[in-house]
Amino acid sequence: MDDLSARISSILNDPDSMAQIRSMAEGMLGGTEKPKNDAPDIDIGRLLPMIQKINNKKSDKRCELLMALRPHLSEERQQRVDRAVKILRVIDMLPLLQDSGLFDF
């Protein structure tokens, strides 16, 4: 415990350490200094059609046909149908992903 007290005391007495603590606190509390963020800037407006497509519960004719056949298949083939439906939904998303600019480097 004495070691911890000594370390805290040395940090409080060091001006450089205090400056680092102050800048971290300002970043966390929304002070004048903003923390650095290396994440890419993504325009949410461009992603909105993709999000709407994901949330849209309406399926297309291909998926409807597969899902109608599903109860009449073996368990293994039902799993294949589920994967096929997921793949079809992903394929439908590809043009939206391309238009979103998410993969433009």
Side-chain angles (χ1 to χ4, degrees):
M1 196 65 171
D2 291 329
D3 184 44
L4 182 63
S5 299
R7 290 192 76 181
I8 291 173
S9 177
S10 68
I11 290 172
L12 292 176
N13 291 330
D14 184 25
D16 293 331
S17 297
M18 286 303 294
Q20 287 178 340
I21 292 171
R22 185 175 299 116
S23 71
M24 287 190 315
E26 287 174 351
M28 286 190 281
L29 298 175
T32 58
E33 187 174 319
K34 290 187 177 181
K36 293 181 181 178
N37 188 0
D38 293 335
D41 293 333
I42 298 174
D43 185 12
I44 299 297
R46 294 174 78 185
L47 294 177
L48 189 60
M50 188 171 50
I51 294 169
Q52 290 172 341
K53 180 83 171 181
I54 291 171
N55 290 333
N56 188 3
K57 301 298 181 195
K58 181 182 173 188
S59 52
D60 62 0
K61 298 288 185 187
R62 302 168 298 173
C63 294
E64 288 177 9
L65 174 62
L66 290 172
M67 294 309 286
L69 293 173
R70 188 178 183 278
H72 305 288
L73 301 173
S74 66
E75 185 175 333
E76 180 184 341
R77 290 188 177 189
Q78 285 180 357
Q79 291 174 354
R80 288 183 185 178
V81 166
D82 293 338
R83 282 187 294 220
V85 168
K86 288 178 184 178
I87 290 170
L88 288 171
R89 289 183 178 156
V90 169
I91 289 171
D92 288 343
M93 298 295 292
L94 289 177
L96 295 173
L97 282 170
Q98 186 178 12
D99 293 342
S100 71
L102 190 61
F103 299 109
D104 295 340
F105 295 104

List in chain and number order the residues that pass salt bridge (charged side-chain N to carboxylate O under 4.0 Å, His left out) with Glu76, two or more places apart in sequence or in another chain; answer none if no residue qualifies.
Arg80

Any residue meeting side chain to side chain contact (heavy atoms under 4.5 Å, CB included) with Gln79, in chain and number order, not counting sequence neighbours
Glu75

Would you give the length of the straight line joining atom CD of Gln78 to atom NE2 of His72, rounded to the nearest 0.5 angstrom?
10.0 Å

4.5 Å side-chain heavy-atom contact, Leu66 and Cys63:
no

How is the hydrophobic cluster of Ile91 composed, in terms of its other members, when Ile, Leu, Val, Met, Phe, Trp and Tyr link through side-chain heavy atoms under 4.5 Å apart, directly or indirectly?
Ile87

Who passes side-chain hydrogen bond (donor to acceptor under 3.5 Å, both in side chains) against Arg77, sequence neighbours left out?
none

Suppose clustering is done on Ile, Leu, Val, Met, Phe, Trp and Tyr with side-chain heavy atoms closer than 4.5 Å. Which residues sit in the same group as Leu69?
Leu65

